[in-house]
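Fair warning: this is a prediction, and the values are worked out from it, not measured in the lab.
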Amino acid sequence: MLLTFLPSIQKWSCEWFVLFQFYFTIWRRSSKSNQYPRASKTESYCKRYVLPSSSPKELLTHAEKQSVPTLKYEEQATKRRWNYQNWVARLRPVLEMFKQTSTVFNQEVIVIYKDPSCVGNKALFILVNAKVDNYFRNLLTRTTGFGDKALLLLQKQCASNNMIDKNHFHFVFTNLRMLSSETATHFLRRFIIGRNQAELAGNSYDDIQLVDFLLSAMSSVTNQAYMTNLSVFQMKRDDNQAV
């Protein structure tokens, strides 16, 4: 009877192995790319404009064209951080179009204006104030007219990288475990989300660490096909071969 079912078991195991390699390759590629736009990339295809001294209308117009969402307050810290990062990712291409606002972000760092009363800072505040909900708008009354300080306040409220948050998301990510009833596709999706949250909190991991975390997280499975393929990956890892 075992010989009768052996071909189908081998076929199923092979299909799972191909699927696992496909999703694992996508994950590896995504880990090497940054999901947030950088100034250097924008500069290569976007002409820099100069804001008129009278009105920030151009900033608001391009923000609408780029579909910059309204930043809304969330009780849950994880959602609040995620919303802020997505909001910044939409906002930055608009700011990088104009000379007076293009230097506000240096990667993830907010740069303070040397002249707080300049046109760019005032226009930036009007844009930021227009793209937040009432909760944040009330907070921003402390920084009226200063866009750089408004961004710093929002960052502090939504995505402050203190050691408690950093260690918390690192612990959650490195302690992920695949459930016995879970498919490889579903677990890899959870793994990628956990990695993203840990990195947004200030942690960083190289490819070797990520592979080790993944193998460790899947080591508790009892599915025979999964166990077989994990053994192959583990042998390659022990021999310092590319996985």
Side-chain angles (χ1 to χ4, degrees), residues 1-37 67 69 72 74-90 158-159 161 164-243:
M1 183 175 292
L2 180 60
L3 293 176
T4 304
F5 290 102
L6 186 59
S8 60
I9 293 175
Q10 290 176 333
K11 179 181 178 182
W12 183 84
S13 178
C14 180
E15 289 175 350
W16 180 90
F17 183 72
V18 172
L19 180 64
F20 182 87
Q21 284 190 314
F22 172 72
Y23 280 101
F24 189 72
T25 301
I26 293 176
W27 163 67
R28 286 286 297 278
R29 289 177 179 174
S30 69
S31 68
K32 295 179 180 179
S33 62
N34 196 315
Q35 64 189 68
Y36 304 112
S67 301
K72 298 180 179 180
E74 288 283 351
E75 290 286 346
Q76 207 170 6
T78 304
K79 288 184 178 179
R80 194 160 64 247
R81 178 186 295 272
W82 187 257
N83 288 347
Y84 171 80
Q85 295 290 353
N86 287 333
W87 180 75
V88 169
R90 292 289 189 90
C158 301
N161 288 332
I164 295 177
D165 289 340
K166 184 177 180 179
N167 292 334
H168 167 75
F169 287 106
H170 172 75
F171 176 82
V172 171
F173 172 53
T174 56
N175 282 273
L176 280 174
R177 292 295 179 267
M178 184 175 179
L179 304 176
S180 58
S181 59
E182 193 171 19
T183 64
T185 304
H186 186 271
F187 174 71
L188 284 173
R189 187 180 297 115
R190 284 204 300 127
F191 188 85
I192 292 171
I193 292 173
R195 182 210 66 189
N196 289 343
Q197 290 178 337
E199 290 183 342
L200 287 176
N203 296 287
S204 60
Y205 310 100
D206 58 33
D207 285 348
I208 294 176
Q209 288 177 308
L210 291 171
V211 170
D212 287 343
F213 291 153
L214 182 64
L215 294 177
S216 175
M218 300 182 72
S219 62
S220 60
V221 297
T222 57
N223 185 296
Q224 190 61 47
Y226 287 10
M227 292 171 64
T228 301
N229 287 291
L230 286 174
S231 297
V232 173
F233 284 122
Q234 188 62 58
M235 289 174 61
K236 288 184 176 182
R237 180 70 187 88
D238 293 341
D239 293 337
N240 293 322
Q241 297 180 24
V243 178

TODO: Please list, chain by chain and in numerical order, all residues satisfying side chain to side chain contact (heavy atoms under 4.5 Å, CB included) with H186, sequence neighbours excluded.
DONE: E182, T183, R189, R190

Task: For the student: nearest non-hydrogen atoms of S216 and R177, plus distance - done: OG-NH2, 3.9 Å

Open item on the list: Nearest 0.5 angstrom please: N83 CG to Q76 CD, how far?
Closed with: 10.5 Å

Task: Residue pair V88, Y84: steps toward the side chain to side chain contact (heavy atoms under 4.5 Å, CB included) verdict - done: CA-CA 6 Å; V88 169; Y84 171 80; 3.5 Å; yes

TODO: Enter the distance from L176:CG to L214:CG here, rounded to the nearest 0.5 Å.
DONE: 10.0 Å

- [ ] Look only at the side chain of E199 and the backbone of N196, and say whether a donor-acceptor pair between them is shorter than 3.5 Å.
- [x] no

Open item on the list: Taking ring pair (Phe, Tyr, Trp, His ring centres under 6.0 Å) as the definition, give me every residue that meets it alongside F213, ordered by chain and number, with sequence neighbours left out.
Closed with: F173, Y205

- [ ] Answer yes or no: is there a donor N or O on one side and an acceptor on the other, between the side chain of R80 and the main chain of C158, under 3.5 Å?
- [x] no

Open item on the list: To the nearest 0.5 Å, what is the distance between OG1 on T174 and CG on D212?
Closed with: 12.5 Å

